[in-house]
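Because the structure is predicted, anything quoted here is derived from the model rather than measured. Atoms within each ligand, like the ligands themselves, are counted from 1 in listed order.
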Amino acid sequence: MKFKTALVLAGGAFGTSIAFVLSQNFEKVIIMVRSQDIFDEINRGENTTYLPGQKLPDTIKAAMTWDEVKAQTHGHVDLIVSGLPMSAIEDFCSRNEQDLKRYLDQGIPLVSLAKGIDHETLKLPDEMFKAHFENYRSQLMYLSGPSFAKEIVDKQITIVSLAGEDKDKLLLACEMLGTEFFKALPTTDVKGVLLGGALKNVIAIAGGIMEGLGYNHNTRAALITRGIVEMLRFGTVFGAKPETFYGPSGMGDLILTTTGELSRNKSFGIEIAKGRKAEEIIKATKSVVEGYKTTKAAYFLAEKMGIRARIFTGLYEVLYNNHDPKEVAREMMVLPPKFDEA
Ligand SMILES: NC(=O)C1=CN([C@@H]2O[C@H](COP(=O)(O)OP(=O)(O)OC[C@H]3O[C@@H](n4cnc5c(N)ncnc54)[C@H](OP(=O)(O)O)[C@@H]3O)[C@@H](O)[C@H]2O)C=CC1
Ligand SMILES: O=C(CO)COP(=O)(O)O
């Protein structure tokens, strides 16, 4: 094994699948969880709650406290991966700031897997982590791209982007994450990678709604191509590189989640098309549907920054103001044609 110990924060579907990737390169991978059930499941070799049917190697172990992490790692960790969803980052970082700093003091990378925009502060994950770990900003990195958790553990070839500020640390983290089936491509365009990962979830919900209403291939292709145009407009405001949006974390993930049956955001959209209420679906779903809150964040960002984003604002009206999705689509179709550059 090339490396000794990796620590993954949160044992959801994606955190567990990345723990599986890391188990190919690390002697030991510890997943820190907060519930006894998930702790027991992981230690029995299968996360039946979040990744049922996927066997985990016995080098992956769970821990519930920092004392347990210390005992299992002897206080030495080579990499931390945060599998926390958007809604948990602030809570987790506030409660665990000092413990995390003890590890970050060793100079190791911390890679976040979250895809979203906080609907209250309108912050992307980098701002949320930097609020606690500004002095460690060169160690903070963000992974995003087309990567269904289940397919990773099935060893499907998967290529993602890994964004950060420090090129040497990025290359080291890419090596730690690299296997014959999983590859992270380094980039310094943090905003581009994070916006791509967050905004594609919104388009995936819109795609699910249209599919649920009976629209097919033509409509999906229209949504993907117009969706990326609107995503690029957000990118311009944040100073992101346009080419990032045509890579794994933009177009790649947009295609995956608008076409892939495993997407929770797309499935959520399909349920909305059946006439169910958004809050009711969210309450009944254990797994996170990041695009729901991100739709609200994108709407407020578009309003605040003057971004022309009809799909994003249209979806906001559907999810938060009960507008009829068919009517929203009709209104978009009858708008007078406009040159994109105008
Ligand atoms: N699943 C996928 O295929 C992919 C997911 N992602 C992104 O990764 C992020 C995580 O997604 P995913 O793993 O799928 O989500 P899941 O819904 O599968 O799991 C969420 C995890 O976060 C934990 N959690 C929630 N709130 C807190 C908190 N306050 N403190 C500590 N832990 C908490 C949950 O713990 P508990 O069980 O105790 O509630 C659970 O382990 C999301 O931003 C998602 O968009 C990115 C690419 C692919
Ligand atoms: O981001 C993902 C794959 O890249 C997972 O998408 P969902 O959250 O829609 O399942």
Side-chain angles (χ1 to χ4, degrees), residues 8-21 31-42 47-52 54 62-65 81-96 99-100 111-118 124-125 128-129 142-154 156 158-162 182 184 193-194 196-208 248-271 282 285-295 297:
V8 177
L9 311 173
F14 203 40
T16 305
S17 74
I18 293 298
F20 177 79
V21 170
I31 307 181
M32 197 174 180
V33 300
R34 59 178 181 171
S35 95
Q36 186 68 45
D37 286 350
I38 311 284
F39 175 90
D40 292 339
E41 288 174 14
I42 291 172
N47 186 339
T48 35
T49 301
Y50 289 108
L51 262 186
Q54 312 285 326
M64 286 185 70
T65 64
V81 172
S82 162
L84 297 162
M86 284 306 288
S87 59
I89 295 175
E90 178 50 34
D91 170 58
F92 188 92
C93 290
S94 326
R95 283 189 295 106
N96 298 284
D99 293 291
L100 277 168
V111 174
S112 165
L113 309 178
K115 292 179 180 173
I117 308 172
D118 183 70
L124 286 160
M128 303 188 72
F129 279 99
Y142 308 92
L143 185 146
S144 188
S147 50
F148 285 136
K150 179 188 177 306
E151 293 207 350
I152 291 174
V153 186
D154 284 342
Q156 297 283 322
T158 302
I159 296 183
V160 298
S161 301
L162 186 67
F182 192 88
V193 163
L194 290 177
L199 297 174
K200 66 86 194 174
N201 281 334
V202 178
I203 306 295
I205 294 177
S249 57
M251 189 56 107
D253 217 355
L254 186 55
I255 292 172
L256 183 83
T257 32
T258 47
T259 60
E261 303 310 320
L262 291 174
S263 168
R264 298 160 302 186
N265 286 285
K266 181 182 164 186
S267 304
F268 171 78
I270 291 173
E271 292 303 307
I282 295 291
T285 317
K286 180 151 179 72
S287 297
V288 67
V289 180
E290 293 281 26
Y292 176 51
K293 294 271 174 64
T294 300
T295 302

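- At least one heavy atom of Pro85 lies less than 4.0 angstrom from ligand 1.
- The residue among Glu290, Arg34, Met86 with a heavy atom at the shortest distance from atom 42 (C) of ligand 1 is Glu290.
- Of the protein's non-hydrogen atoms, Ala149 N, 2.8 Å is the one closest to atom 3 (O) of ligand 1.
- No donor-acceptor contact under 3.5 angstrom links the side chains of Ser267 and Glu271, judged on distance only.
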Polar pairs, ligand 2 vs protein, N/O only, below 3.5 Å.
from     : atom 1 : to     : atom 2 : distance (Å)
ligand 2 : 1 (O)  : Lys115 : NZ     : 2.7
ligand 2 : 1 (O)  : Lys200 : NZ     : 2.8
ligand 2 : 4 (O)  : Lys115 : NZ     : 2.9
ligand 2 : 4 (O)  : Gly145 : O      : 3.0
ligand 2 : 4 (O)  : Ser147 : N      : 3.0
ligand 2 : 4 (O)  : Asp253 : OD1    : 2.7
ligand 2 : 4 (O)  : Asp253 : OD2    : 3.4
ligand 2 : 8 (O)  : Arg264 : NE     : 3.4
ligand 2 : 8 (O)  : Arg264 : NH2    : 3.0
ligand 2 : 8 (O)  : Asn265 : ND2    : 3.1
ligand 2 : 9 (O)  : Ser263 : OG     : 2.7
ligand 2 : 9 (O)  : Arg264 : N      : 3.1
ligand 2 : 9 (O)  : Asn265 : N      : 3.0
ligand 2 : 9 (O)  : Asn265 : ND2    : 2.7
ligand 2 : 10 (O) : Arg264 : N      : 2.8
ligand 2 : 10 (O) : Arg264 : NE     : 3.0

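- Looking only at protein heavy atoms, the nearest one to atom 7 (C) of ligand 1 is Leu113 O, 3.4 Å.
- Between Arg264 and Glu290 no salt bridge is recorded (no basic side-chain N to carboxylate O distance below 4.0 Å).
- Of the protein's heavy atoms, Val288 CG1, 3.8 Å lies nearest to atom 11 (O) of ligand 1.
- The heavy atom nearest to atom 32 (N) of ligand 1, out of those in Thr294, Val160, Leu84, is found in Leu84.
- Shortest non-hydrogen contact noted between Leu84 and Ala88 is CD2-CB, 4.0 Å.
- Shortest non-hydrogen contact noted between Ser144 and Asp253 is OG-OD2, 4.4 Å.
- Scanning all protein heavy atoms for the shortest distance to atom 48 (C) of ligand 1 gives Ser147 O, 3.1 Å.
- At the top of the distance list for atom 18 (O) of ligand 1, counting protein heavy atoms only, stands Ala13 N, 2.9 Å.
- Only the side chain of Asp91 comes within contact range of ligand 1, with a heavy atom under 4.0 Å; no backbone atom does.
- If you number the atoms of ligand 1 from 1 as listed, the ones under 4.0 Å from a heavy atom of Ala114 come out as 43 (O).
- The heavy atom nearest to atom 19 (O) of ligand 1, out of those in Ser112, Gly12, Ser35, Pro125, is found in Gly12.
- For atom 13 (O) of ligand 1, the closest non-hydrogen atom of the protein is Phe14 N, 2.9 Å.
- Contacts with ligand 1 closer than 4.0 Å are made by side-chain heavy atoms of Arg95 only, the backbone lying farther away.
- With contacts defined as side-chain heavy-atom distances shorter than 4.5 Å, the pair Leu143/Phe14 qualifies.
- For atom 2 (C) of ligand 1, the nearest protein heavy atom (residue, atom name, distance) is Arg264 NH2, 3.6 Å.
- The shortest side-chain heavy-atom distance between Leu162 and Tyr142 does not fall under the 4.5 Å cut-off.
- In terms of protein heavy atoms, atom 40 (C) of ligand 1 is closest to Tyr50 OH, 3.6 Å.
- Heavy-atom proximity to Gly83, at under 4.0 Å, picks out these atoms of ligand 1: 10 (C).
- Using a cut-off of 4.0 Å between Lys/Arg side-chain N and Asp/Glu carboxylate O, Asp118 and Lys293 are scored as not salt-bridged.
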